[in-house]
There are 2 protein chains.
Amino acid sequence: MSAAEETPGGEDMPWGEVTPEAARRLLVAAVEAFAERGYHATTTRDIAGRAGMSPAALYIHYKTKEELLHRISRIGHDKALEILRAAAAGDGTAAERLADAVRSFVRWHAERHTTARVVQYELDALGPEHRAEIVELRRRSDATVRGIIDEGVAAGEFEVPDVAGTTVAVLSLCIDVSRWFNVQGRRSPDEVGALYADLVLRMVGAQK
Amino acid sequence: MSAAEETPGGEDMPWGEVTPEAARRLLVAAVEAFAERGYHATTTRDIAGRAGMSPAALYIHYKTKEELLHRISRIGHDKALEILRAAAAGDGTAAERLADAVRSFVRWHAERHTTARVVQYELDALGPEHRAEIVELRRRSDATVRGIIDEGVAAGEFEVPDVAGTTVAVLSLCIDVSRWFNVQGRRSPDEVGALYADLVLRMVGAQK
DNA sequence: TCCGCCTCTAAGCGCTTGCTCACCCTCGTT
DNA sequence: AACGAGGGTGAGCAAGCGCTTAGAGGCGGA
């Protein structure tokens with residue numbers, strides 16, 4: 001991870017890798033706008049306006065509106081995959097690692113739900129080759145989760161009749177958090193993460 | 001249920017309640033287009049073209065493009081709520097009724113996933129008062145599922161620490177089927193329904 | 001001081017959008 | 001045969017879209 005992604009305090013700064021600063025401001029503005037209204041309903045004038053710039057400024061940093069979406073989607077999917085892999089590479093039991101994966105994955109989808117919403121639901125707005133690139137990243141996320149479940153089954157920790165189907169369900173459950181999560185709601189990202197980790201352990205039949 | 005929704009054979013005909021026939025053709029075309037490309041990316045010319053009509057014909061039957069979306073969303077949510085309530089009103093144990101609800105709800109989201117995708121993911125494109133009407137229907141779906149889980153807990157069938165959170169998770173899991181389900185995929189709607197019913201019973205800690 | 005480079009703006013081009021309007025065609029009824 | 005009603009069309013309007021271009025302004029190095 002590059003130093004630009006972290007503040008001196010150690011907390012990680014989202015979009016820290018996007019430079020120069022004007023390009024980052026435009027990208028952050030685009031994330032907000034896409035999350036609120038969807039890609040197609042968002043105008044380049046709206047994005048530029050939120051970033052405090054003229055419409056033409058956008059095209060200095062990005063070739064097209066679709067390139068903006070692709071950059072957002074790429075960075076977001078990289079981050080999501082990194083989260084899952086970090087949990088999978090931990091040294092606990094399969095149950096501990098699965099719970100950890102779900103907890104941190106869900107927390108990310110709740111905390112950064114505007115980003116996640118764009119990343120997860122605006123995939124169809126990408127052009128064919130950009131979409132193919134992103135789909136490949138998702139395949140790897142799927143493989144990472146399936147790996148943990150496979151290991152749990154092999155170790156006798158889990159009891160799962162349909163590993164592929166259960167993997168899809170687990171990821172689907174986590175991803176959909178970004179759709180319904182509301183900052184003003186009753187639950188914090190941590191609480192949702194804990195709840196979902198528990199639910200997923202039940203789904204795989206992990207003895208408590 | 002009105003007779004217009006059923007063919008003489010007894011199988012139910014989707015959109016049977018929409019008349020006259022030209023209005024139904026337009027609505028079916030709109031569902032396809034909205035599901036494929038999203039509401040905002042779909043043009044009125046595209047909808048009319050799919051229905052084999054001129055762009056102006058749309059405005060004989062619908063005041064605006066948004067009214068089309070509202071009609072689709074309203075009918076779809078009515079159907080979804082009807083499915084859940086039918087299962088909830090059954091006479092088995094709470095576990096049987098919950099499994100039945102999930103099975104039929106998921107089957108609908110898989111079988112009619114183009115409709116479901118529009119109904120579940122294009123909500124934000126509705127105007128404020130139309131959206132409020134639909135949100136109220138969703139609240140009732142939530143209450144129906146929560147009711148079954150409450151009864152299961154009261155009867156000692158389930159062991160659920162967080163009923164509200166688990167209800168959200170169950171509905172979220174089912175709804176998201178419409179996003180990833182693929183007709184060319186390996187699983188039939190029935191198979192996904194059965195898998196998900198099993199997973200949900202595990203989530204609520206129903207003894208098998 | 002002057003230059004070249006980069007960022008950003010004002011203006012606007014070509015096109016598409018949701019929607020309208022004047023008119024036509026096809027009916028069942030008289 | 002004449003009529004009224006209602007579903008349908010071709011053409012097109014005003015507005016808004018993604019994107020381009022000519023040029024202004026600021027800044028570091030010679």
Side-chain angles (χ1 to χ4, degrees), chain A residues 4 15 17-73 118 122-131, chain B residues 4 15 17-73 118 122-131:
Chain A
W15 313 121
E17 67 264 62
V18 180
T19 54
E21 209 243 322
R24 177 166 56 240
R25 259 164 49 219
L26 284 164
L27 191 135
V28 169
V31 169
E32 282 176 22
F34 291 162
E36 274 176 34
R37 310 142 85 100
Y39 175 78
H40 289 291
T42 299
T43 70
T44 55
R45 285 163 175 81
D46 183 21
I47 297 169
R50 285 177 195 242
M53 294 175 180
S54 82
L58 197 153
Y59 293 90
I60 295 163
H61 302 282
Y62 303 95
K63 273 210 296 284
T64 64
K65 181 177 144 186
E66 193 262 358
E67 189 193 314
L68 246 177
L69 176 61
H70 173 243
R71 279 269 237 285
I72 294 168
S73 202
V118 177
E122 300 289 348
L123 209 122
D124 292 342
L126 289 170
E129 65 285 348
H130 281 163
R131 179 159 59 245
Chain B
W15 313 121
E17 66 264 63
V18 180
T19 53
E21 209 242 320
R24 178 167 53 240
R25 260 164 49 218
L26 284 163
L27 190 136
V28 168
V31 169
E32 283 174 22
F34 290 163
E36 272 176 35
R37 311 143 86 100
Y39 175 80
H40 289 291
T42 299
T43 69
T44 54
R45 283 163 176 81
D46 183 20
I47 298 170
R50 286 177 193 243
M53 295 174 179
S54 81
L58 197 153
Y59 293 90
I60 296 164
H61 300 283
Y62 302 95
K63 274 211 296 283
T64 64
K65 180 177 144 186
E66 193 262 358
E67 190 194 312
L68 246 177
L69 176 62
H70 173 243
R71 279 269 237 284
I72 294 168
S73 202
V118 177
E122 301 289 349
L123 210 122
D124 291 343
L126 288 171
E129 65 286 347
H130 281 164
R131 177 157 63 244

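A, B, ... follow the sequence lines: proteins, then strands. Residue 1 opens every chain.
Rounded to whole angstrom, the span from the CG atom of B/L58 across to the C1' atom of C/dT17 amounts to 13 Å. Whole-Å rounding puts the B/M53 CE to D/dT9 P distance at 7 Å. In this structure, B/I60 atom CD1 and D/dA5 atom C1' are separated by 13 Å, rounded to whole Å. For the pair A/D46 CG and D/dA15 P, the computed distance is 20 Å after rounding to whole Å. The interatomic distance linking B/I47 (CD1) with C/dC19 (C1') rounds to 13 Å, in whole Å. As a whole-Å value, the separation of B/R37 CZ from C/dT16 P is 13 Å. Rounding to whole angstrom units, NZ of residue A/K65 and C1' of D/dG16 are separated by 12 Å. Rounded to whole angstrom, the span from the OH atom of A/Y59 across to the C1' atom of C/dA11 amounts to 15 Å.
With hydrogens and angles left out, the side chain of B/R45 and the base of C/dG18 share a donor-acceptor pair within 3.5 Å.
Residue B/H40 has no polar side-chain atom (N or O) positioned under 4.0 Å from OP1 or OP2 of C/dT17. For A/T44 and D/dG18, the shortest distance from a side-chain N or O to OP1 or OP2 is below 4.0 Å.
Of all heavy-atom pairs between A/T64 and A/Y59, the closest is CA-CE2, 4.2 Å. Looking at every heavy atom in both residues, A/H61 comes nearest to A/E67 through O-OE2, 4.3 Å. The minimum heavy-atom distance between A/E122 and A/L69, with the atom names listed, is O-CD2, 3.6 Å.
Counting any heavy atom pair closer than 4.0 Å across all strands shown, A/S54 reaches a base atom.
Between A/R50 and A/E36, at least one side-chain N (NZ, or NE/NH1/NH2) sits under 4.0 Å from a carboxylate O, which counts as a salt bridge.
For the pair A/A56 and A/A41, both in contact range of DNA chain D, the more 5′-proximal nearest nucleotide belongs to A/A41.
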